[in-house]
Protein chains: 4
Amino acid sequence: MNESAKKQPGRPRSAQSHQAILQSTLDLLAQVGYERVSIDAIATHAGVGKTTIYRRYRSKEELVADAIESLREEIEIPETGTLWGDLDCIIESAVKTTLTPLGRQILAMIIGAASSSPQFAQVYWTKYLQPRRQAFHVVIERAKARYEIQAETDSDMVFDLISGIMLYALVFQPSNEPVEVYIRRAIDLILK
Amino acid sequence: MNESAKKQPGRPRSAQSHQAILQSTLDLLAQVGYERVSIDAIATHAGVGKTTIYRRYRSKEELVADAIESLREEIEIPETGTLWGDLDCIIESAVKTTLTPLGRQILAMIIGAASSSPQFAQVYWTKYLQPRRQAFHVVIERAKARYEIQAETDSDMVFDLISGIMLYALVFQPSNEPVEVYIRRAIDLILK
Amino acid sequence: MNESAKKQPGRPRSAQSHQAILQSTLDLLAQVGYERVSIDAIATHAGVGKTTIYRRYRSKEELVADAIESLREEIEIPETGTLWGDLDCIIESAVKTTLTPLGRQILAMIIGAASSSPQFAQVYWTKYLQPRRQAFHVVIERAKARYEIQAETDSDMVFDLISGIMLYALVFQPSNEPVEVYIRRAIDLILK
Amino acid sequence: MNESAKKQPGRPRSAQSHQAILQSTLDLLAQVGYERVSIDAIATHAGVGKTTIYRRYRSKEELVADAIESLREEIEIPETGTLWGDLDCIIESAVKTTLTPLGRQILAMIIGAASSSPQFAQVYWTKYLQPRRQAFHVVIERAKARYEIQAETDSDMVFDLISGIMLYALVFQPSNEPVEVYIRRAIDLILK
DNA sequence: CGGTAAGCGAGACGGTACGTCGCGTCTTAAG
DNA sequence: CTTAAGACGCGACGTACCGTCTCGCTTACCG
């Protein structure tokens with residue numbers, strides 16, 4: 001079958017080291033932030049030589065990007081029977097993954113890199129946001145079928161608005177309410 | 001009037017150097033991004049000693065923050081007579097200032113810093129967003145008076161949604177349309 | 001006789017690789033000097049894995065020592081019939097083997113190592129200098145028998161003086177004459 | 001006078017750091033040898049940043065060369081009244097400075113470098129050996145005036161022979177006698 | 001003649017030192 | 001008392017070798 005897979009000579013790269021590197025990267029990233037993580041620190045924390053990191057990644061950016069990649073969990077489409085039940089699931093899940101030190105750092109990095117290397121943000125868009133947008137589409141279609149919302153609602157735009165307000169709330173905390181409540185209010189306004 | 005102004009002895013600080021520093025900071029910020037600007041480079045580019053920078057700012061962050069501050073233009077509340085006329089002005093102005101390399105860098109910086117030092121984002125919120133939110137409030141109130149939109153519309157939440165979708169669009173370019181058109185569609189959805 | 005020689009099982013070590021390693025070591029040693037030779041480079045140049053080198057030698061020092069060992073040619077005692085005929089042969093041979101990039105590197109290495117590990121120089125002394133000293137002794141004894149020089153001449157000391165001046169000339173080039181001429185003048189002075 | 005001397009702007013290089021660097025270099029050089037000294041270690045030992053070293057020297061070689069330079073003491077021409085009195089002074093002084101770990105390391109380095117960059121040995125020759133050769137010339141001339149040795153003796157060649165045998169003795173320890181005694185015997189043979 | 005044990009090439013591994021760069025501070029002389 | 005210049009201590013960067021450790025193969029011998 002995959003005839004090229006097992007052909008390369010020499011000692012194979014250690015999956016264990018690989019995992020340790022990614023985990024340490026995420027740990028330290030959450031602790032001290034992107035700027036202040038040093039490759040040396042990651043290597044030490046992972047019990048690994050710097051070489052082993054640089055063999056896999058050309059730079060801190062690449063390493064961090066892959067570390068973030070690695071923790072992308074499965075998207076599951078909630079099905080509670082009501083629109084707001086589904087939405088609450090989505091909000092909770094999104095808030096949970098984004099409203100952490102690590103989440104903030106990742107977003108900051110993506111936005112920062114987006115300027116110099118747009119494909120970086122593109123990856124995040126393709127791998128992370130796009131699938132959720134589609135899951136959201138399903139939720140909205142179901143709600144339309146139940147006549148909970150108008151048939152002409154543009155689910156993509158609604159998703160983008162929700163993502164936008166979450167990004168915004170994350171950075172600026174525009175309200176004194178808990179984020180979840182604020183988000184729910186916003187969605188309420190969008191969906192009338 | 002300001003009797004204390006001319007009191008301190010010695011050579012006064014050069015306003016010319018000050019300006020050169022800010023301009024160079026913005027130039028290089030737009031060119032290479034926050035991370036890769038070096039104080040040395042700014043000093044050289046501005047024809048100024050590093051001392052002169054560090055006398056005014058304690059760190060790169062402070063310098064960059066002030067440089068960004070310095071280009072904040074006056075907020076003017078548009079008054080075209082119709083809600084959409086006003087909104088178009090607001091959108092155009094916002095897009096114009098944000099959709100540039102410099103704009104992106106600034107946002108990236110704010111979001112990045114927001115994680116480690118929240119007061120950084122707070123400054124941006126207070127000095128930049130808050131006034132615009134208030135201006136937006138005026139525009140919405142006028143529209144309410146003209147019965148263009150419902151009286152119970154929460155102008156702050158609408159503003160946040162718009163800001164959010166702009167932030168989001170800026171980073172992820174979720175659509176193939178020009179940003180302005182996309183934003184306008186979004187606002188349309190919000191205001192029904 | 002050597003009943004243990006052919007007993008060990010498994011694949012025997014490749015004499016071809018062995019030779020390639022030694023040759024590559026000497027080549028690179030002459031090209032870039034002891035410090036800058038890397039085992040990796042030797043392995044690559046010899047078309048051999050690093051393992052194959054480290055199975056034979058514990059360190060770069062050992063490898064280089066053996067490589068040098070390997071090129072030690074037979075000492076032949078010249079017999080031209082006159083003292084100076086013999087001496088000329090000795091000088092020419094010595095100059096020829098020492099006044100090359102490789103020769104210099106080897107000497108440098110020996111002297112360098114002599115400080116940290118005296119047995120290194122001792123090996124060179126025992127294996128290289130001692131036999132020549134004895135050959136020289138024969139030449140001198142013959143000259144004494146021919147009454148060309150005084151009977152009480154200490155051949156060892158003369159040999160050491162000659163070796164010393166050659167070492168010295170090699171490093172410092174104290175004269176504008178060709179080395180051979182300079183050496184001959186020195187010997188002349190020693191033997192009156 | 002020296003019109004160019006005091007013109008350069010900026011903070012002058014710290015003579016104190018300079019001294020600390022040289023001293024630490026010599027200390028560590030004597031302790032662990034050229035190969036095993038690390039710039040980091042020198043910097044730490046000297047209480048100095050690596051930058052400060054690299055601002056002055058491009059490489060370890062350059063640094064070490066200058067450190068060695070720095071400890072060159074004054075040459076004084078002995079005047080005991082007899083040739084052998086003078087010679088004993090010279091021998092003792094030479095042995096004292098060369099027969100130390102540091103002395104050996106220095107010689108090793110010079111010889112090693114001589115191969116790749118001959119001007120390195122040339123410096124040592126010009127700055128160290130040449131002056132001693134001249135001092136030695138004076139000693140020999142005085143002995144000639146006292147009719148202690150033949151008038152046609154070539155003092156340079158004698159000096160070179162002595163230097164050579166010392167270099168040789170230093171590296172190979174060809175005899176069981178103390179070095180001073182061995183050297184004295186050698187000189188005796190040269191001068192008949 | 002097929003098993004077994006060492007050798008082989010390739011190359012990844014945990015380290016150490018390298019030489020460079022940027023930080024924010026300090027020290028000059030010049031204004 | 002500020003300025004331009006630039007040295008300072010520090011610490012991270014990414015590279016190059018070190019000597020060790022797997023890998024999946026030969027390659028020879030021995031039972």
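Just so we're clear, the structure is a prediction, and the values are computed from it rather than from any experiment. Heavy-atom basis, side chains included; hydrogens, waters and symmetry copies ignored. Quick note on labels: first sequence line is chain A, next is B, and so on, each numbered from 1.
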Is the number of heavy atoms from other residues, nucleotides or ligands under 6.0 Å of D:Q16 CD greater than 12?
no
Write down the distance between NE2 (C:H18) and C1' (E:dA6), rounded to a whole number of angstrom.
17 Å
Can you see whether B:D27 engages B:Q23 through a side-chain donor-acceptor pair at a distance of less than 3.5 angstrom?
yes
Is any side-chain N or O of B:T52 closer than 4.0 Å to OP1 or OP2 of F:dA4?
yes
What is the distance from CD of B:E35 to P of F:dA12, rounded to the nearest Å?
16 Å
Counting just side-chain N and O atoms, does C:T44 come under 4.0 Å of either OP1 or OP2 of E:dG11?
no
When you match C:P12 and D:S38 each to their closest nucleotide on DNA chain E, which lands nearer the 5' end?
C:P12
Under 4.0 Å between a side-chain N/O of A:R56 and OP1 or OP2 of E:dC13, yes or no?
yes
Would you classify A:R55 as touching base, sugar-phosphate or nothing, given that sugar-phosphate means primed atoms plus P, OP1 and OP2, and contacts are heavy atoms under 4.0 Å?
base
Rounded to whole Å, CD of B:E61 lies from P of E:dC23 at a distance of 12 Å
Could you tell me how far apart D:L63 (CG) and E:dG19 (P) are, to the nearest whole angstrom?
10 Å
Using the closest heavy atom to pick a nucleotide of DNA chain F for each, name whichever of B:G47 or C:I39 lands nearer the 5' end.
B:G47
Ignoring hydrogens and angles, answer whether the base of E:dG24 and the side-chain atoms of B:K60 contain a donor-acceptor pair closer than 3.5 Å.
no
Base of E:dG24, side chain of B:K50 - is there a donor-acceptor contact under 3.5 Å?
yes
Rounded to the Å, how far apart are A:E62 CD and F:dC13 C1'?
15 Å
Counting only side-chain N and O atoms of C:R11, is one of them less than 4.0 Å from OP1 or OP2 of F:dT26?
no
Let me spell it out: for each of C:S17 and D:S59, pick the nucleotide of DNA chain E with the closest heavy atom. Which residue's pick is nearer the 5' end?
C:S17
Could you tell me how far apart C:Q16 (CD) and F:dT27 (C1') are, to the nearest whole angstrom?
13 Å
Check whether any side-chain heavy atom of C:L102 lies under 4.5 Å from a side-chain heavy atom of C:L71, and answer yes or no.
yes
From CG (C:L29) to CZ (C:R104), nearest 0.5 Å
14.0 Å
When you compare the side chain of B:H18 with that of B:D66, does any pair of heavy atoms fall below 4.5 Å?
yes
Separation of A:Y54 atom OH from E:dA12 atom P, in whole Å?
17 Å
Select base, sugar-phosphate, or nothing to describe what A:T51 touches, counting heavy atoms under 4.0 Å on all strands.
base
D:D40 CG - E:dG15 P separation (whole Å)
18 Å
